[in-house]
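Take a look at the following structure, please.
Keep in mind that the numbers below use all heavy atoms, side chains included, and drop hydrogens, waters and symmetry copies. So you know, we letter chains A, B, ... as the sequences are listed, proteins then strands, and number each from 1.
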Amino acid sequence: MRGEPSILHVDLDAMFAAVEQRDKVSLRGKPVVVGGVAGRGVVSTASYEARVFGVRSAMPMAQARRRLPSGTAYLSPRFAAYKRTSQVVMDLLTGLTPLVEQVSIDEAYLDLAAGGHDLSPRGVTELALRLKREIAEATGGVTGSVGVASSKLLAKIGSELHKPDGLTVVPAGEELTLLHPLAVGALGGVGPATEQRLHRSGVRTVGQLAAVPLADLVDWFGVAHGNGLFRLARAEDNRVVVSEREAKSVSAEETFDVDLTDPVRLQRELDLLSARVAGRLRDSGLSGRTVNIKVRHPDFTTVTRALTRDQPTDDGRLVAQLARRLLAEVNTTGGVRLLGVGVSTLADFAQDELFSLERPVLIEPLLMAPAPEPLAVATETAGPPVWRPGQDVRHDEHGSGWVWGSGLGRVTVRFEGPRTLPGPVRTFAVDDPLLHTTDPPDWTEPSP
DNA sequence: TCTGGGGTCCTAGGACCC
DNA sequence: TCTGGGGTCCTAGGACCC
């Protein structure tokens, strides 16, 4: 918590619906719902006209239809349009300060202290009003709600307080006055489960939460969450505004209109999801070592399986192969409602000079040699020499050797162990590295 | 015609290493 | 030779956010 209200939170109001109403005049003033229109879809965003009927984000679309009057527009999301609008707003924000943290397509935190602004309550109020005006003008009528306070916690609560098109400035020193009467659910990180547990102990407001001993909170929620709640209830929040965040995982999933049972169909869906994930990895210049799958059964129970390799990949076929192996561990005879594929433990190839030209591949197991004879291997490629001779060799206690590396073209591998049988020279084509990519066997580092 | 899709963070237990 | 303790990595599940 800072000594002045220097953190600003902007949240665009019902953004998906607002963009649709902006782009289509006939939708203005009418209930609009954007989301999954098909059988098992849910509401992404309901316009304020639709919220009057109790429709909310994440509500099943079927339920929303039962509540809403005829004449309501049910629309599939147009993400490209929302992204363009989002970018217009983000550009405005970066004009105010270099320290902008985009939380989602329609939300961001700004550190005004990094922008050299007048941080008095009056100064930030004028700045926020100007920003709101500029957002509405630049987007053609999409409004944003703004909160300015001494911490992320209070700024976010402030932007929520007078939606839509709202503005709340919390002067330093008034944080607790604002915070304590609120319901515990207003705190970020307090979802249905936490709220229920708190209610069970008679804790309904943030003020009541602030009276709960730390030991109880840790007991109920664990160390991290317990401590977090204890601090938030006191408006203690030192979280900084971070402009760049590294991705930790990439995933794709799909809920089927009808539960799937056909194993062939399941494998095909898995392949498609794997290709989607791998494509997005490559688009971002990323690759990952862990492949995850997610299976949701018809009764909504969800299981995950994961497998971590030694080397990262962004190859859809390899991801699919590993995903299939994981799926084989899951009982799908009762049907599958949702299937998901993810890749995590991400690596950034661009940072590794050795791999800057080509993607790494694992060449098939090459040689059996008597243990504990160390293997020395020289490799050459017709293309750029991406292997350093003698390096990148792995072998296990049984003497099996593998070569890691990257590159296309013909690769010659010579085995030059001092007492190894005269090394066979093997040459093989790596014109398609994917075909030579195999699952890494377990291996141990050669002892020096 | 209940319950999306993309993420992040935390926990707990086991394996493994020193 | 009745028994350690810390650290790291991995897996599975769950809560939460937009």
Check this one for me: any side-chain N or O of Arg305(A) less than 4.0 Å away from OP1 or OP2 of dA12(C)?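 Answer is yes, contact under 4.0 Å.
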Name the closest nucleotide to the Phe300(A) side chain, picking from dC9(B), dT11(C), dG4(B).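 Per side-chain heavy atoms of Phe300(A), the pick is dG4(B).
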Given dT8(B), dT3(B), dG6(B), the nucleotide with the shortest approach to the side chain of Arg280(A):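 Of the options given, the side chain of Arg280(A) lies nearest dG6(B).
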Ala247(A) or Glu254(A), whichever maps to the more 5' nucleotide of DNA chain B: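 Its nearest nucleotide lies further toward 5', so the answer is Glu254(A).
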For Gly39(A), which contact category applies under a 4.0 Å heavy-atom criterion: base, sugar-phosphate, or nothing?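 The answer is sugar-phosphate, as Gly39(A) gets under 4.0 Å only of primed atoms, P, OP1 or OP2.
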Closest approach to the side chain of Ala224(A), judged atom by atom: which nucleotide of dT11(B), dT3(B), dT11(C) is it?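 Nearest to the side chain of Ala224(A) among the choices is dT11(B).
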Identify whether any heavy atom of Asn292(A) sits under 4.0 Å from a base atom; if not, whether one sits that close to sugar-phosphate; answer base, sugar-phosphate or nothing.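 No contact at all - Asn292(A) keeps every heavy atom at 4.0 Å or more from the nucleic acid.
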Evaluate the side chain to side chain donor-acceptor pair (under 3.5 Å) criterion for residues Gln267(A) and Asp271(A): first the C-alpha distance (whole Å), next the side-chain angles of each, then the deciding distance (0.1 Å), finally the verdict. CA-CA 6 Å; Gln267(A) 292 208 341; Asp271(A) 290 352; over 6 Å; no
Under 4.0 Å, heavy atom to any atom of DNA chain B: which of residues 57-65 of chain A qualify?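 Within this stretch, Ala58(A), Pro60(A) sit under 4.0 Å of the strand.
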Which part of the nucleic acid does Lys156(A) contact within heavy-atom distance under 4.0 Å: base, sugar-phosphate only, or nothing?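 Sugar-phosphate contact only.
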Look at all strands and tell whether Val223(A) reaches a base, only sugar-phosphate, or nothing, counting heavy atoms closer than 4.0 Å.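 Sugar-phosphate: the residue Val223(A), judged by heavy atoms under 4.0 Å, touches backbone atoms but no base.
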Under 4.0 angstrom, heavy atoms only, what part of the nucleic acid is Val43(A) near: base, sugar-phosphate, or nothing?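 Nothing, no heavy atom under 4.0 Å.
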Once base and sugar-phosphate atoms are separated, protein heavy atoms under 4.0 Å mark nucleotides 13-18 of chain B, 5' to 3', with B, S and - as ------
Donor-acceptor under 3.5 Å (Glu175(A) side chain, Ala235(A) main chain):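 Answer holds: no.
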Report yes if at least one side-chain N or O of Ser249(A) is closer than 4.0 Å to OP1 or OP2 of dT8(B); otherwise report no.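 Ser249(A) to dT8(B) OP1/OP2: side-chain N or O found under 4.0 Å.
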Pick the P atom in dC18(C) and in dT1(B), then give their distance to the nearest Å.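 Rounded to whole Å, the distance is 33 Å.
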Side-chain donor or acceptor of Gln208(A) paired with backbone N/O of Arg204(A) under 3.5 Å: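 Side chain of Gln208(A) to backbone of Arg204(A), a donor-acceptor pair under 3.5 Å: yes, one is there.
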Hey, is the side chain of Arg337(A) poking within less than 4.0 Å of OP1 or OP2 on dG4(B), counting only N and O atoms?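 Checking Arg337(A) against dG4(B): at least one side-chain N or O falls below 4.0 Å of OP1 or OP2.
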Give the C-alpha distance, both sets of side-chain angles, the deciding distance and a yes or no for salt bridge (charged side-chain N to carboxylate O under 4.0 Å, His left out) between Arg2(A) and Asp111(A). CA-CA 11 Å; Arg2(A) 303 177 173 181; Asp111(A) 188 340; 2.8 Å; yes
Kindly say if Arg289(A) contacts the phosphate of dC10(C), meaning a side-chain N or O under 4.0 Å from OP1 or OP2.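 So the side chain of Arg289(A) is within the cut-off, an N or O lying under 4.0 Å from OP1 or OP2 of dC10(C).
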Any side-chain N or O of Lys248(A) below 4.0 angstrom from OP1/OP2 of dC9(B)?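 Yes, Lys248(A) has a side-chain N/O under 4.0 Å of OP1/OP2 on dC9(B).
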Return the residues of residues 183-203 of chain A meeting this criterion: a heavy atom under 4.0 Å from some atom of DNA chain C. Order them by number, or give none.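 Listed by number, they are Leu187(A), Gly188(A), Gly189(A), Val190(A), Gly191(A), Pro192(A), Ala193(A), Thr194(A).
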Contact under 4.0 Å: Ser251(A) side-chain N or O vs dG7(B) OP1/OP2: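 Looking at the OP1 and OP2 atoms of dG7(B), one of them is under 4.0 Å from a side-chain N or O of Ser251(A).
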Heavy-atom donor-acceptor pair, Thr205(A) side chain to Leu182(A) backbone, under 3.5 Å: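 The answer is no, because no donor-acceptor pair under 3.5 Å joins these two groups.
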Counting a pair only when it is Watson-Crick or G-U and both distances are under 3.5 Å, which runs of at least 3 such pairs involve DNA chain C?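 As far as DNA chain C goes, consecutive pairing (with distances under 3.5 Å) yields the stems B:5-18 with C:5-18.
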N/O donor-acceptor pairs under 3.5 Å from side chains in residues 289-306 of chain A, not counting sequence neighbours:
unit_1    : atom_1 : unit_2    : atom_2 : d
Arg289(A) : NE     : Arg309(A) : O      : 3.1
Arg289(A) : NH2    : Arg309(A) : O      : 3.4
Thr290(A) : OG1    : Thr308(A) : OG1    : 2.9
Thr290(A) : OG1    : Thr345(A) : OG1    : 2.5
Asn292(A) : ND2    : Gly342(A) : O      : 3.4
Asn292(A) : ND2    : Ser344(A) : OG     : 3.3
Lys294(A) : NZ     : Glu253(A) : OE1    : 3.1
Arg296(A) : NH1    : Thr302(A) : OG1    : 3.1
His297(A) : ND1    : Thr301(A) : OG1    : 3.3
His297(A) : NE2    : Asn331(A) : O      : 3.3
Asp299(A) : OD1    : Thr301(A) : N      : 2.9
Asp299(A) : OD1    : Thr301(A) : OG1    : 2.6
Thr302(A) : OG1    : Phe300(A) : O      : 3.3

How close do Thr194(A) and His225(A) get, counting heavy atoms only, and between which atoms?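 Taking Thr194(A) first and His225(A) second, the nearest heavy atoms are OG1-CE1, 3.0 Å.
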Does the Asp13(A) side chain pair with the main chain of Val142(A), one donor and one acceptor, at a distance under 3.5 Å?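 Flag not set: sc Asp13(A) to bb Val142(A) has no pair under 3.5 Å.
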Side-chain donor-acceptor contact under 3.5 Å, Glu20(A) with Tyr82(A):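 Yes.
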Which pairs with one or both residues in residues 21-34 of chain A pass side chain to side chain donor-acceptor pair (under 3.5 Å), sequence neighbours excluded?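 Listed by first then second residue: Gln21(A)-Glu49(A), Arg22(A)-Thr85(A), Asp23(A)-Arg78(A).
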With a 4.0 Å limit, can you tell me whether Arg296(A) has a side-chain N or O closer than that to the phosphate oxygens OP1/OP2 of dG4(B)?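 The answer is yes; a side-chain N or O of Arg296(A) sits under 4.0 Å from OP1 or OP2.
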Does dC2(B) count as syn, meaning its glycosidic angle lies within 90° of 0, or as anti?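 Syn conformation for dC2(B).
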Would you kindly compare His225(A) and Leu338(A) by the position of their nearest DNA chain B nucleotide and give the one closer to the 5′ end?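 The answer here is Leu338(A).
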Does NZ or CZ of Arg65(A) come closer than 6.0 Å to the centre of the six-membered ring of Tyr74(A), within 45° of the ring's axis?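 Yes - Arg65(A) lies over the ring of Tyr74(A), closer than 6.0 Å to its centre and within 45° of its axis.
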Categorize Arg40(A) for me: base, sugar-phosphate, or nothing, with a 4.0 angstrom heavy-atom threshold over every strand shown.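 It contacts sugar-phosphate atoms only.
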Taking the six-membered ring of Phe230(A) as reference, does the NZ or CZ atom of Arg234(A) fall below 6.0 Å from its centre and within a 45° cone about the axis?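 Because its charged atom sits under 6.0 Å from the ring centre and within 45° of the axis, Arg234(A) does stack over Phe230(A).
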Assign the ring pair His9(A) / Tyr109(A) to parallel, tilted or perpendicular, where the plane angle (0 to 90°) is split at 30° and 60°.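 It falls in the tilted class, 30° to 60°.
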